[in-house]
Amino acid sequence: MKVLETDVLVIGSGLAGSTYALSAARRGLDVVMVTAGAPANANSDLAQGGVIFESPAGMDGLIKDIQNAGCGLCNEKASREICLNGYKVLKDLFIKDLKVPFDRDAQGNLLYTREGGHTKSRIIYSKDTTGHAILSHLSAAVKKNKKIKVLAENTAVDLLTLSHSSTNILDRYYPLTCFGAYILNNKTGEIYAVTAKKTVLAAGGVGRVYRYSTNAENAYGHGIAMAYRVGARVMNMEFVQFHPTVFGKGKTFLISETVRGEGGVLVDSNGRQFMQKYHPMGSLAPRDVVARAIEEQRLNGENIFLDLSAIKPDRIKERFPNIYKNCLEYGVDITRENIPVVPSAHYFCGGVYATPAGRTNIFNLNVIGESACTGLHGANRLASTSLLESLSMGAACAEADAEDVKRGGFVKAKPREWESPSSHADLNLIKQDISTLQSTMWNYVGLIRSKTHLQRAEKILRHLHNEINEFYKGVQLTPELINLRNGTQTALLITYAALKNNKSIGCHFIS
């Protein structure tokens, strides 16, 4: 088995992983970054709305809005630390250094917008493709840095720990410690190992365990499942946020919350606004409230639309060019017609417990971005905190790791050989099981839950999990099989947490 050695292994190439990789390399560390698809094919690349850019002077107001959206369940200390550091990283790295093209006025001043749950305009943006603007500039810098080796089309399989993976049987007596991961080369089928002083999980969210999702194609909760299998602490797993406004005619794609921030309102089939009866902030209420309100209206037989008549047509085309183009492809001219919208699985507020610098309960294993749970989001994420959290954690984690590596003292271990069976997996069976997984989660562990539905989901998923584990041992690995294995594990954790919490709060709503 081939073994690569490096200072740090980063699993994931989105905003969190790429910020970490660039920051670590600039501090002198050798970095290997593994990504299952093409580089930067990540949830953060799909983000439309923007990123919070709030100065320290306005931090108290921001923290209050974060707590209100998160139903009082946010970790205030972690939230403040992430937001303060995020402001600095945005200003120094992304605005001054990388020169991300955020929208500006004629005088060159940054433009700000507002989204649901915010009491003021504090979000900077780049048209309606903010995530892509940020990540494309960051990825270009990563590509140029000679200390970063990017392995695209390579999928992480399992983490290496002294307890589970070392050839030295006595290494089991060390505390839980990570020293890399087994990796699958998607094209050749080869399994190899990357050993590292620090391993960083930046593998994104969980949206693809649901039938309808705004997430990138590999978002099956890989980081969470891998960390859980080696003993990492997970928390707040019941809090899956559904975005209220996803295009509801044909292809599923996001209709940014900034459309409502700029003046769009939700209406029913007769053009009547209805959100005021659910929340005093109306169409700009927190996401969990808006998503459930839309679902309730839909269950009562209503189709729901976004009415943009308050925004001038030229402004719509200038401010939302990508949304305008995508809707037009499916026959909806949003300068003249309302946009049909439905809720869809969007963001995961739970994950592997981590500090704002990505530290977990396992030595030398860090988790950052959407795979992590710092407590910033509580029971429901405030709009435009996700990009801020990713870049803040990525930079903070790299800074802390550089100091740790400088101090030294890492145990050097040799990983066990990976034994690969000769049988090939049936792709049709895997696709069928993924369909079962996604249908079960959508129907029984979705926007509105009941104890009966959750119990049914648990039975289906437990059976599926056991079957997959047996099947997994007897066949050669493929990316699809790894998606299924990790997705089912993550789905079970979400369902278990939802069953244990019989109180409706935030994203977790019991009918």
Side-chain angles (χ1 to χ4, degrees), residues 1-2 11-12 34-38 41-42 151-160 164-165 181-194 203-213 215-230 251-252 345 415-446 456-496:
M1 180 182 69
K2 182 174 74 176
I11 297 170
V34 170
T35 177
N41 180 15
L151 301 176
E153 305 290 343
N154 282 255
T155 302
V157 178
D158 272 316
L159 295 172
L160 299 170
H164 301 86
S165 319
Y182 290 114
I183 310 293
L184 166 70
N185 183 317
N186 295 353
K187 293 179 179 176
T188 66
E190 175 196 11
I191 303 285
Y192 62 98
V194 178
V206 307
R208 287 293 167 183
V209 304
Y210 287 89
R211 182 185 291 166
Y212 305 111
S213 171
N215 284 196
E217 59 187 13
N218 291 313
Y220 283 89
H222 291 292
I224 295 160
M226 284 191 290
Y228 177 77
R229 282 198 293 270
V230 296
K251 183 183 175 183
T252 298
R416 292 176 184 164
E417 288 286 325
W418 182 274
E419 296 180 8
S420 189
S422 57
S423 300
H424 293 277
D426 185 332
L427 188 56
N428 288 325
L429 287 177
I430 294 171
K431 286 181 177 177
Q432 177 60 43
D433 283 346
I434 287 177
S435 177
T436 299
L437 163 67
Q438 292 171 333
S439 297
T440 300
M441 292 300 289
W442 184 261
N443 292 329
Y444 302 137
V445 199
R456 182 171 176 80
E458 181 194 13
K459 289 176 183 176
I460 295 170
L461 293 171
R462 232 178 329 114
H463 176 73
L464 192 59
H465 180 64
N466 292 337
E467 289 287 314
I468 290 162
N469 277 344
E470 285 303 310
F471 178 63
Y472 181 89
K473 294 172 188 173
V475 296
Q476 293 181 11
L477 294 189
T478 65
E480 295 82 5
L481 181 53
I482 294 171
N483 285 344
L484 177 59
R485 183 197 187 204
N486 288 337
T488 305
Q489 176 65 80
T490 302
L492 260 178
L493 292 172
I494 293 168
T495 306
Y496 287 149

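The shortest heavy-atom contact between Ala457 and Val445 is CB-CG2, 3.6 Å. Taking all atoms of both residues into account, the shortest heavy-atom contact from Leu160 to Ala193 is CD1-CB, 4.3 Å. Taking every heavy atom of both residues into account, Gly223 and Ala203 meet most closely at N-CB, 3.6 Å. The shortest non-hydrogen separation linking Gly205 to Asn215 is C-OD1, 4.4 Å. For the pair Trp418 and Leu477, the tightest heavy-atom approach, listed with the atom from each and the gap, is CZ2-CD1, 3.6 Å. Closest non-hydrogen pair, Gly487 versus Val209, comes out as O-CG1, 3.6 Å.
Residues that satisfy the ring-ring contact (aromatic ring centres under 6.0 Å, His included) test with Tyr496, not counting sequence neighbours, are absent from this structure. Under the rule for a side-chain contact (heavy atoms from CB on, under 4.5 Å), the partners of Gln438 that lie at least two apart in sequence or sit in another chain are Arg211, Tyr220, Ile434. In this structure Asn483 satisfies the side chain to side chain donor-acceptor pair (under 3.5 Å) test together with His222, sequence neighbours excluded. Qualifying salt bridge (charged side-chain N to carboxylate O under 4.0 Å, His left out) partners for Arg416, counting only residues two or more places apart in sequence or in other chains: none. Not counting sequence neighbours, the partners of Glu470 by the salt bridge (charged side-chain N to carboxylate O under 4.0 Å, His left out) test are Lys473. The side chain to side chain donor-acceptor pair (under 3.5 Å) test applied to Thr35 returns Ser13, not counting sequence neighbours. For the side chain to side chain donor-acceptor pair (under 3.5 Å) test, no residue two or more places apart in sequence or in another chain qualifies with Tyr182. For Tyr192, the side chain to side chain donor-acceptor pair (under 3.5 Å) test picks out Asn154, with sequence neighbours left out. Remark: Tyr228 pairs with no residue by the ring-ring contact (aromatic ring centres under 6.0 Å, His included) rule, at least two apart or across chains.
By the 4.5 Å heavy-atom criterion applied to side chains, Leu461 and Met441 are counted as neighbours. Between Val475 and Pro421 there is no side-chain heavy-atom pair separated by less than 4.5 Å. A 4.5 Å side-chain heavy-atom check between Arg229 and Asn486 finds at least one atom pair inside the cut-off. Proximity of Thr436 to Gln432: side-chain heavy atoms (C-beta onward) are separated by under 4.5 Å at one or more points.
Between Leu437 atom CG and Gln489 atom CD the span is 11.5 Å, to the nearest 0.5 Å. Taken to the nearest 0.5 Å, the OG1 atom of Thr488 stands 9.0 Å off from the CG atom of Asn469.
Counting only residues at least two apart or in different chains, salt bridge (charged side-chain N to carboxylate O under 4.0 Å, His left out) contacts with residues 483-493 comprise Asp158-Arg485. Counting only residues at least two apart or on different chains, no salt bridge (charged side-chain N to carboxylate O under 4.0 Å, His left out) pair has a member in residues 431-442. Within the structure, the ring-ring contact (aromatic ring centres under 6.0 Å, His included) test picks out no pair touching residues 461-488 (sequence neighbours left out).
Under the side chain to side chain donor-acceptor pair (under 3.5 Å) rule, Thr155 has a single partner from Asn186, Thr478, Asn218, which is Asn186. The side-chain contact (heavy atoms from CB on, under 4.5 Å) test with Val157 is passed by exactly one of Ile183, Ile191, Leu481: Ile191.
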